[in-house]
Structures are given as C-alpha cells and as structure tokens.
Amino acid sequence: MSITKDILYVGVNDHQIDLFEGQYAVPNGMAYNSYVILDEKIAVMDAVDQHFGDEWLRNVEQVLDGRTPDYLVVHHMEPDHSANVARFLEVYPGAQVVSSARAFPMLKAFFGKEYEDRRIVVKEGDTLPLGRHTLHFLMAPMVHWPEVMMSYDETDKVLFSADAFGKFGALDAEDDEWGCEARRYYFGIVGKYGAQVQQVLKKAAALDIEIICALHGPVLHAPLDEYFRLYDIWSRWDVETEGVMIAYTSVYGHTEKAVKLLAEKLTALGCEKVVLNDLARCDMHEAVEDAFRYGKIVLATTTYNGDIFPFMRSFLHHLTERGFQNRKVGFIENGSWAPMAARMMKGMLENSKNLTFAENAVRIVSALSDESRAQLDALAEEMMA
Ligand code: FEO
C-alpha cells in the first residue's frame, strides 16, 4: 500500500490477540504499523509485534525490490513495535538504528546490546537526510514511554506520530468511525500524560501536516482538524460531550433500579445524553472512556466488606491514575446495615483536581424507599443545574 509515491505501508494486522497490553479488549484486532521511505537512502519506520516478524520482514523485502535499507528508525521501544528490531538488524547488517538517547538502554535491556557501532542517536531538532526527503525529529517523552520520538517529513508533509493518533482495531476489520476506538485507546494508553501530549500538539501546530502515520490504526489524511481538536480536548481533560455518565455496580438489582430511575429523571429534566455503565458487565475501558468524555458522572455502588464493591474500586483507580479532573460528580450508595460507599468513593477522588461534588447524595438502605426516591429527585435536579 502506498501512502505517497515514496512512502509505503509494511505493517501487519493482528487478529490473534485477545487483550492488547494485557488488559484492553480488541474485538476488531490490532494493527502494528510500519512504513518504508524509498529514497536515495532507505528508512524503515519501526518494527512490529513479536508474532509477526516473518510477515513484516516479507512486506519490507517486497517493497525494497532488491535494495537494502540504510536506517531503521525506532520511534518507540514498547514491544508491540520493537520486538523485531534485533532480528531486522541481523537480517540487514548494513542498516543503522536511529532513535532517541533513552531508547538505547532499552534496546540493551530487551536485546542485550546497544548497537554502539551502528547507531545514530537523535535529539529534538536533529535531521536525517534521505535524498528527496529529510526526516526532522521531535522528541515526545511519555507519549507514551520516555524514549518516544516522532518524525516529520517535510517533502510529503507526513508526521510519523508513534502511538499518538492511534486506535484499536486491525486495518482490515470492519470498524466504526475513528473517534470511538481512538478515544478508548487514548484514555487507556496515554490518558495520564495529557501535559506531554499538549507539548507535542504545540510542536505539531508549527508544522504543515497533511498525513499522520501512527503506529496503530489507519493512516490519517487531511483535513486533520478534527483529529487535532479531539486530541486537544482529551489531553486537557476537557469535556467532549455534554451529558451524564452513570457508572454503577449492583448486587441484587436495587442499585440498578435506582440508577435507571435516575436516568429517567435526568432525561425528563432535558438531559440529552445519559449513559449507563454496569461496571461488572461492560468493558471497563469503555466506561473509563465515557467518564473522560462526558462532563458529569454519577457513581453508584454498594458497601462491601467494609469497602466498596470491587468493580467500582477498580474503576475509580483507573480514573485517578489517568488524572481524572474537571467534572461534576454525584454519588449513590447502597448498604443494608452500615452504608459508607459514598464517603469511600469521595475519598478515592480527594486528590483529583477541579471536581465538583453534588451536595445531594443518595442513600439506599437495601431497597428504594420514598426517602431515597426523593433523594434521587434532588440529585437529578442538582446534576442538571
Ligand atoms: Fe503501541 Fe506504547 O506502544
């Protein structure tokens, strides 16, 4: 597949994977993207996951058409991209490896050597002339690991963006629009590092970019404004969509009944979007994505073993470790003898920035009562105020 006249796609699709990075469900598989720039000098951009070395090397060989590569540019050392670096350097002993200073100790850790005799260490602003094309390197630490860099080819106006702008899903899978799986990917993988993403977006704004070649997901072509707009919102933890997301757990159905009643009340009050996530049954990372998408969130769970129900604890941990902030938060607790879940959930969020907690909490003692129904009315009105 040609991206431009000189830039060719040599990546692979993974339909064998069950969990990406050991935790994210990928029903549409995953793509590990790699590209070749054919010029006077030839650069191969990144490798692929360990299970696809043969296929990737065949793809590379095919586009090389008898030539040999001069450079392997390693933008990111996470094994979904780097697992075949050592193998490539064995197959092509004349190629040099080009990466950031932080990448080489990782190469040593993964493969036992730092390639001192055949490496080019690049830093911010360095360039690599290939002939008609010149790569300009931009450091992008913590998007998503510390060694990450991107590169920009001003000839074809292409940004090789590493993990940024990636998404879940193989390229040959039927898929919905980019935003859904790109959002789940962003908040799952990079969400904690919004400040670092903002730094990269500032650098990108100074470039004339027509094509983004990420390490996952489709190649993105101009107009790119919508992709940049979403990345800007996500990396500032801003609200993308107005609405209320209700995350809940329910042991015997009483808490579920309460959140469904709350959803009805919110809709009746004019809330355009109410999203319910049963944390025990939904994809946890869809729920995480929704928490960062909507401006208001209601958390409903039971007191359990002197703590909160485990799925809610896990959910809140996913949020706080990703810098959850800038949201309005309401609480519903259920407990049959010593309800304390609302206090405990609030406690888990106490270090999160710029959260507004609803004053009207709902306490269910085993099952809904007139009193807790009235509290739901008050909470609905406060969330819509
Ligand atoms: Fe796709 Fe952070 O590796």
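Note that ligands are numbered from 1 as they come in the structure, with each ligand's atoms numbered from 1 the same way.
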Ring pair (Phe, Tyr, Trp, His ring centres under 6.0 Å) between Phe165 and Tyr227: does it pass, once the steps are laid out? CA-CA 7 Å; Phe165 300 100; Tyr227 306 116; 7.3 Å; no
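Draw a line from atom 2 (Fe) of ligand 1 to NE2 of His76 and another to OE1 of Glu78, and the angle between them is 100° (to 10°). Rounding to 10 degrees gives 90° for the angle at atom 1 (Fe) of ligand 1 between NE2 of His216 and OD1 of Asp163.
Among the backbone and side-chain atoms of His144, none of the N, O or S atoms lies under 2.8 Å from atom 1 (Fe) of ligand 1. Residue side and main chain included, Asp80 places an N/O/S atom under 2.8 Å of atom 1 (Fe) of ligand 1.
Aromatic pair His75/His81: ring centres not closer than 6.0 Å. Ring centroid separation for the pair Tyr152 and Phe137 does not come in under the 6.0 Å cut-off.
Here the shortest heavy-atom pairing between Tyr32 and His216 reads CD2-CE1, 3.9 Å.
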